[in-house]
Amino acid sequence: MNVIELQNLHYRWQGQSRDTLAIAKLHVAQGEHLFIRGASGSGKTTFLNLLAGILRPASGSLTILGQALQSMDNAARDRFRADHMGVIFQQFNLLPYLSVRENVQLPCHFSKRRKQQAGDMQATTNRLLEHLGLDRQLWERPVTDLSVGQQQRVAVARALIGSPELIIADEPTSALDTDTRDGFLNLLFQEAAVQGSTIVFVSHDPHIASHFPRVVDLRELNQP
Amino acid sequence: MILLNLTLRSLWNRRASLLLTLFSIAISVALLLGVEYIRKEAKSSFLSTISGTDLVVGARSGPVQLLLYSVFRIGNATNNISWQSYQDIASKPLVDWTIPISLGDSHKGYRVLGTNQDYFRYYRHGDKRLLEFAEGKPFAGVFDAVLGAEVARKLSYQLHDKIVIAHGAAATSFTLHADKPFQVVGILKPTGTPIDRTVHVSLEGIEAVHIDWVGGAKVPGYQISADEALQKNLQPKVITAFMVGLKNRAAAFRVQREINDYKREPLLATVPGVALAELWQAIGMFENVLRIITGFVVIAGLLGMLTTLLSTLNERRREMAILRAVGAHPRQVFLLFVLEAGVLAVLGCLLGAGLVFIGLLAARPWVMAEYGFYLSTWIPDMNDGLLLAVVAVLALLFSLIPGAIAYQRSLQDGLTVRV
């Protein structure tokens with residue numbers, strides 16, 4: 001089964017004469033780890049926002065988990081994202097005024113489904129944080145006490161809690177050094193595999209590509 | 001629920017800068033409530049400048065004028081009342097007590113009031129409070145004087161000081177009753193009424209200083225010394241006005257009509273409460289001015305909040321993107337700002353109310369000592385509640401602006417923030 005099915009997708013920003021994004025076809029299977037290489041200006045941002053349901057495609061179809069995102073309204077897409085997707089940013093993933101634990105649990109407050117799937121929220125949080133190698137003493141600390149590498153791992157835990165089907169990662173390793181980066185990727189893959197989550201990983205960094213079984217270049221994909 | 005929690009945590013995180021905003025709201029709210037309080041207190045204090053007196057009687061003029069000279073010591077009487085008429089009315093069966101007053105002299109700008117012992121027995125002000133002495137006692141001798149609190153304080157008088165009263169009410173008088181000085185035998189506690197600015201002497205004292213005067217002027221070459229004056233008949237022939245307490249308040253209008261129809265001379269009796277309310281209407285305009293000013297102060301305070309909310313919009317873009325990523329709808333982002341303003345407004349109102357409460361409590365002893373004015377405990381009423389609700393609603397309205405901007409931005413920014 002395909003988690004993502006993308007057909008003749010077009011998107012154009014208002015006031016622009018040509019499409020920012022035009023993708024003929026892209027299928028991503030369940031459990032797949034897809035690396036999308038996208039240099040800046042390649043329409044990466046637009047692509048991610050479409051995938052996450054922030055933007056609505058102008059034409060074409062974007063089906064995720066069998067649901068057509070292009071025909072959902074804004075609120076429905078927000079709910080869909082809350083229920084089925086975990087998002088990891090480049091950096092500053094966490095709300096500075098919440099503790100590590102509270103940041104991890106944030107998606108469960110916006111999605112009943114994720115909360116249900118997480119089961120015992122405290123236990124699940126503990127398990128995730130433990131698996132991601134975060135010291136127990138950091139759990140109740142404000143996130144500002146953490147290093148960038150630690151913060152990114154907390155972000156992974158947040159993306160994974162409640163077992164969403166799709167993890168979208170936007171250059172989550174760009175602020176990390178090489179050693180931390182490899183460790184981070186391994187943890188991400190391991191945990192995603194445990195839950196059977198599909199990963200769409202976007203980055204401009206070609207060195208990371210070697211970690212992924214499938215690599216797609218956005219420039220080749222995007223043919224406006 | 002999560003939104004309120006996030007709002008509170010976010011506010012707490014930015015507490016240092018928000019504390020100032022909170023204080024500016026609190027101070028403007030305190031000002032608003034304080035002005036309302038002062039307005040109400042000033043009115044009730046004004047209306048109880050004289051209390052427990054059923055009628056004030058003077059020569060026929062207008063009720064407000066009668067009240068002005070007899071109670072507020074402003075202006076002069078048009079005419080006097082004969083001692084005989086006074087005695088006649090005072091002996092009416094419905095009359096419980098009377099206080100005669102004789103005005104016309106002054107001491108360094110302060111009015112001198114001639115009266116008798118009944119003044120200290122019956123005159124009430126405020127919440128039916130009798131006059132109290134800070135020092136000394138009521139006058140007993142002809143040349144004894146009792147000072148109001150402000151007179152004693154401003155002119156630094158103490159017991160046993162000698163004072164000379166002047167003819168007429170002007171601050172600088174060239175015709176002094178220098179040959180017949182009075183001795184201070186008592187100083188009253190502050191009352192917060194015109195009594196504080198009055199020098200009280202006996203009717204006989206007033207009579208004595210004018211005994212060698214004819215037709216309102218000193219007669220050259222004719223002088224009676226203070227000691228000689230004491231030997232004379234000092235029974236006054238006229239007084240300026242008198243206050244009446246009735247055995248039965250319900251009879252006030254009947255007695256008033258009787259006095260107004262008094263055949264022997266034209267008199268006017270007025271119910272002080274009615275005349276006071278009339279007078280307040282005339283001078284109460286400042287109430288509205290005060291209200292308008294405080295209204296603007298509150299708006300200024302809330303504009304300060306708006307500025308703070310707007311200035312944090314940029315630094316909070318990341319926060320909004322994170323919330324969007326975990327599934328928050330732009331509406332919820334919008335709500336965060338409204339909630340934030342709501343929390344600030346409610347806290348500001350509570351803090352402001354607290355400031356008023358504590359401020360009044362702290363100021364009470366000082367105001368009492370200085371102005372003889374008892375500050376009642378501030379208890380918010382419906383009107384205050386309404387004002388606070390208006391403040392909160394205004395705050396929410398103001399927050400729609402940053403809320404709408406954040407809404408718009410979170411729609412555009414989505415997961416990525418272009419900073």
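Since this is a predicted model, take the numbers as computed values, not measurements. Chain A is the first sequence line, chain B the second, and so forth, proteins listed ahead of strands; every chain is numbered from 1.
Proximity to chain B (any heavy atom under 4.5 Å) is shown, for A/N74, by both the backbone and the side chain.
Looking at A/R158 and B/I322, their side chains come closer than 4.5 Å, going by heavy atoms from C-beta outward.
Of all non-hydrogen atoms in B/G327 and A/A82, the two that sit nearest each other are CA-CB, 3.6 Å. The shortest heavy-atom contact between A/F110 and B/V326 is CB-O, 3.5 Å. Annotation for A/F89 and B/A321: closest pair CZ-O, 3.8 Å, computed over non-hydrogen atoms.
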Begin with the C-alpha distance, continue with both residues' side-chain angles, and end with the deciding distance and a verdict on side-chain contact (heavy atoms from CB on, under 4.5 Å) for B/L6 and A/Y97. CA-CA 8 Å; B/L6 286 175; A/Y97 47 83; 4.0 Å; yes

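Summarising the local packing, CZ of B/F23 is surrounded by 12 or fewer heavy atoms from other residues, nucleotides or ligands at distances under 6.0 Å. Counting heavy-atom neighbours within 6.0 Å of A/K115 NZ, excluding the residue itself, gives a total of 12 or less.
One N or O on the side chain of A/R81 and one on the backbone of B/R324 form a donor-acceptor pair closer than 3.5 Å.
In this structure, CD1 on B/I2 lies 8.5 Å from CD on A/E102, to the nearest 0.5 angstrom. Distance check, rounded to the nearest 0.5 Å: CZ of B/R318 to CG of A/L95 gives 10.5 Å. The structure places CG of B/N13 at 9.0 Å from CG of A/L98, a figure rounded to the nearest 0.5 Å.
Between chain B and the residues A/D78, A/I168, A/N93, A/L55, the most heavy-atom pairs under 4.5 angstrom are made by A/D78.
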